[in-house]
Novice: 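Quick one: structure below, then a few questions.
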Amino acid sequence: MLRYILLRLLSMIPTMAVISMLVFTIIELPPGDYFESYVSELTAMGEDVDMAEIEELRHQYGFDQPPVMRYFHWVGGMLTGDFGYSFEYQLPVSEVVGDRLWLTVLVSFFTIIVTWLIAFPIGIYSATHQYSWGDYGLTFLGLLGIAVPNFMLALILMYFANRWFGVSIGHLMDQKYLAEPMSWEKSRSILSHIWIPVLIVGTAGTAGMIRRLRANLLDELQKQYVVTARAKGLSPMRTLVKYPLRMALNFFVADIGSILPAIISGAEITAIVLSLETTGPMLVKALQSQDMYLAGSFLMFLAFLTVVGMLISDIALALLDPRIRLAGRSTK
Amino acid sequence: MTLETVRSPLPEPGAPLGHYVSDAPFDPDRLEETTPRHKKFARASQKQLMWWKFRRHKLALASAWFLGILYAMILVVEFLAPYNLHTRHMEHIYEPPQRVRLFHEGSFVGPFVYGRTMRLDMDTLQRIYTDNPADVQPIRFFCSGDSYRFWGLKEADFHLACPAKGGTLFLLGTDRLGRDVLSRILYGARISLTIGLLGIAISFTLGIVIGGLAGYHGGWFDLIVQRLIEVLQSIPSIPLWMALAAIMPVTWSPILIYIGITVILGLLDWTGLARAVRSKLLSLREEDYVLAAQLMGAGSARIIGRHLVPGFMSHLIATATLAIPGMILGETALSFLGLGLRPPITSWGILLTEARSVSVIAFYPWLLFPTLFVILVILAFNFLGDGLRDAADPYK
């Protein structure tokens, strides 16, 4: 088991390396750099530009070096916790970001839990009552979850929450807690706000999960051993829970890996509409103003989050299924 | 029994046989007792079987019709839309949908709408429109209305339906510039629906080529491709799309942006298809007919394209159909956030940017109609894809 985890951890390194190259290419693609546009903006406004300071910054962030050197500088910085400099905010990225990363993790985490809680019973019901009205109805409901754009759902929910309960559901906490350190009240405030984005983001992932769980469980239910169990007189509940469900569970755990990117995507958009204090709104702003180090760090972080999520799902899967840890690699 | 007969158990050619043999001609259908239906089924081609299986999925069939009609409609949007994309009606800003009626004061007059009178509520500064029952405006059909250039080429002014002379026809209301929402949705369909198709065309090509080479050749190329797919699939697509969309220079023309967005959607979406192609190829390349083709000197491009891909094309089409909704939603989201298409190009996402705030939903809910179209199209593609996937393997 330890060997498996170790191997799995090692395999993350090349993945992250490739991702970092990709992200770096993206943030390098726009022509010119931030300083050029900054300087031209200042001169256009008729202000003096302290070229020495600019040159100093350029040098500090390695803009006078070739791209390859800059890449290593950037990656090296990230490894030591220096994520670069946000030109827009004139602060190091790590200070700009603050709590946002953790709140993103929190939203994603809760969303996965909620997705599971919804998808699990529905998937089992759909599989055991195949082609019934309940099956059709629930499948349709799930599909509707995919089809409604997250951002519209967020807007509409925002409107109805305002109309029916008179509460504003934007943001992730009461505004007075924004700058405060984490406290009991603050976490309570977050918890009372978080369910709405979680519900909105969850709708999209749930449908896919229900579908796959249903298909997997149906496959298992048609196997010989289920027939044997039935023939031997096991109660239907026990027949279901004892073997087929356990088999389908494996896959359920493995599925985190495939829904996590979708969840994070959805969370970003929803966060923008609801102006949550997560990475979403800031990422869009950074992208629009070409504050590329900030955007790059966010992209890296989101990718890292998914990669870690997949790692956790793989390890959980290995714990559940001895075939995987003995073979040393996932058989997905 | 003599020794000779033991050595050769077969009778002499032409010699009478020891048992009864019917001299009726051989009829292959005699093997199984067949009804005409059964015979038709047993002899049906693969395409026929697929069609039969697909037909049984009623929702998929309905979706195929729906999408077919929709795609046919985008060819003649200019004719179908009562107004032009950019026609403004300054007197009719934020006007709610007009209801089509058939009876006026108990007597049948055919489809018509009531004229509207507008007054400004001085407290809320809201425009309030009320139907004016004295003003009956029969809808004209096959009439001349706003003039347009059909496909940007031919000047014309022929419409399916137009408002009465001097009247209005806003079946889904108007927006903040007094533009007809229904017309804009129809024009937007042209962009939103094609962006998914073009995007999938790109990712389809990439998926088949890359997945095909990886699956067929294996080796280091396969290893790299596998890694790349893993990486691309582990990056959340929307943030990546946003990043790529953001680096398109502002100076680009809207049409160039449209192409750019399509390419971005296609470039990041090929991974699922490539994976499907690869795994199929891995199993198919061991088949004897591949070996035969190799021995006859066929190159790998020919073997993949001519012999292997047709074998699982149906699966690929089903997978691709299921991928289109993601692209349409992606475009909608990007445009909604202001990172995607830019006016004057109008897509459903662009239309939804108008409905960006809660106050719009509260006061002008008809601006949300594009959402309905998005939902219907996404659902239809999902059902269609499901049906195709079931039909892709008719022997199961």
Side-chain angles (χ1 to χ4, degrees), chain A residues 11 14-16 18-19 22-23 26-27 29-31 136 140 143-144 146-152 155-156 158-160 162-163 168 170 204 207 211 257-258 260-269 272-273 279-280 283-284 286-288 290 292 295-296 298-299 302-303 305-307 309-310, chain B residues 59 224 227-228 230-251 268 272 322 325-326 328-334 336-339 348-349 352-353 355-362 365 368 370-372 374-383 386:
Chain A
S11 80
T15 309
M16 284 316 289
V18 176
I19 291 178
L22 207 74
V23 169
I26 290 174
I27 63 178
L29 269 179
Y136 281 130
F140 183 75
L143 270 175
L144 215 57
I146 298 186
V148 182
N150 272 334
F151 55 91
M152 283 329 285
L155 266 177
I156 291 167
M158 222 155 126
Y159 168 66
F160 280 114
N162 208 336
R163 177 119 184 238
S168 149
R211 247 177 173 183
S258 60
L260 198 57
I263 283 181
I264 289 179
S265 281
E268 292 299 287
I269 291 193
I272 295 162
V273 175
T279 50
L283 173 62
V284 170
L287 285 171
Q288 274 163 344
Q290 303 221 330
M292 280 321 195
F298 277 135
L299 285 179
L302 293 178
L305 197 59
T306 33
V307 170
M310 287 182 183
Chain B
L59 262 175
I224 291 177
R227 228 17 323 147
L228 192 68
E230 246 168 60
V231 167
L232 281 180
Q233 283 191 337
S234 70
I235 306 181
S237 55
I238 294 263
L240 201 57
W241 279 340
M242 288 191 328
L244 285 173
I247 58 181
M248 282 192 289
V250 237
T251 49
L268 298 179
L322 287 172
I328 295 180
L329 279 178
E331 182 276 320
T332 313
L334 284 183
F336 180 78
L337 296 176
L339 289 167
W348 290 341
L352 285 177
T353 49
R356 234 176 138 161
S357 64
V358 173
S359 64
V360 165
I361 300 174
L368 290 177
T371 324
L372 190 71
V374 174
I375 293 173
L376 285 178
V377 166
I378 305 289
L379 280 180
F381 268 117
N382 270 304
F383 288 134
D386 265 354

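Proteins get letters first, then strands, A, B, ... in listed order; numbering begins at 1 in each.
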Novice: Looking at every heavy atom in both B:Ala333 and A:Phe151, which two are closest together, and how far apart are they?
Specialist: CA-CE2, 3.6 Å
Novice: Based on non-hydrogen pairs under 4.5 Å, which of B:Leu244, B:Val231, B:Leu337, B:Ile378 is most in contact with chain A?
Specialist: B:Val231
Novice: Heavy-atom distances under 4.5 Å only: say whether A:Val273 touches chain B with side chain, backbone, both or neither.
Specialist: side chain
Novice: Contact part of A:Ile146 toward chain B, heavy-atom cut-off under 4.5 Å: side chain, backbone, both or neither?
Specialist: both
Novice: Please classify the contact of A:Leu299 with chain B as side chain, backbone, both or neither, using a heavy-atom distance under 4.5 Å.
Specialist: side chain
Novice: Test your reading of the model: is there a side-chain donor-acceptor pair from A:Ser265 to the backbone of B:Ser237, 3.5 Å cut-off?
Specialist: yes
Novice: Below 4.5 Å, heavy atoms only, C-beta onward: do A:Leu283 and B:Pro239 meet side chain to side chain?
Specialist: yes
Novice: What verdict does the side chain to side chain contact (heavy atoms under 4.5 Å, CB included) test give for A:Ile264 and B:Ile238, after you've listed the backbone C-alpha separation in whole Å, the side-chain angles of each residue and the deciding distance to 0.1 Å?
Specialist: CA-CA 8 Å; A:Ile264 289 179; B:Ile238 294 263; over 6 Å; no
Novice: Tell me, side chain or backbone of B:Leu232 under 4.5 Å from chain A's heavy atoms, or both, or neither?
Specialist: side chain
Novice: For A:Ile272, is it the side chain, the backbone, both, or neither that has a heavy atom closer than 4.5 Å to a heavy atom of chain B?
Specialist: side chain
Novice: Give the C-alpha distance, both sets of side-chain angles, the deciding distance and a yes or no for side chain to side chain contact (heavy atoms under 4.5 Å, CB included) between B:Leu240 and A:Ile26.
Specialist: CA-CA 9 Å; B:Leu240 201 57; A:Ile26 290 174; 3.5 Å; yes
Novice: B:Val374 versus A:Val148: any side-chain heavy-atom pair under 4.5 Å?
Specialist: no
Novice: Are B:Leu379 and A:Phe140 packed together at the side-chain level, in the sense that at least one heavy-atom pair is separated by less than 4.5 angstrom?
Specialist: yes
Novice: Between A:Ile269 and chain B, with a heavy-atom cut-off of 4.5 Å, which part of the residue counts as in contact: side chain, backbone, both or neither?
Specialist: side chain
Novice: Where does B:Phe381 contact chain A at under 4.5 Å (heavy atoms): side chain, backbone, both or neither?
Specialist: neither
Novice: Provide the closest heavy-atom pair for B:Gln233 versus A:Met310 in the form atom of the first, atom of the second, distance.
Specialist: O-CE, 4.3 Å
Novice: Which one wins on heavy-atom pair count under 4.5 Å against chain A: B:Leu376, B:Leu59, B:Thr371?
Specialist: B:Thr371
Novice: So for A:Ile156, is it side chain, backbone, both, or neither that comes closer than 4.5 Å to the heavy atoms of chain B?
Specialist: both
Novice: Do A:Arg211 and B:Asp386 have side chains that approach each other closer than 4.5 Å (heavy atoms only, starting at C-beta)?
Specialist: yes
Novice: Check whether B:Leu368 gets within reach of chain A through its side chain, its backbone, both or neither, counting any heavy atom under 4.5 Å.
Specialist: side chain
Novice: Locate the shortest heavy-atom distance separating A:Leu155 from B:Ala355; write the atom from each residue and the value.
Specialist: CD1-O, 3.0 Å
Novice: Is it the side chain or the backbone of A:Phe298 that comes within 4.5 Å of chain B heavy atoms, both, or neither?
Specialist: neither
Novice: For the interface with chain B, which of A:Leu144, A:Ile263, A:Thr279, A:Leu305 has the highest count of heavy-atom pairs at distances below 4.5 Å?
Specialist: A:Leu144
Novice: Please look at A:Leu260 and chain B and tell me whether the side chain, the backbone, both or neither of the residue comes under 4.5 angstrom of a heavy atom of that chain.
Specialist: neither
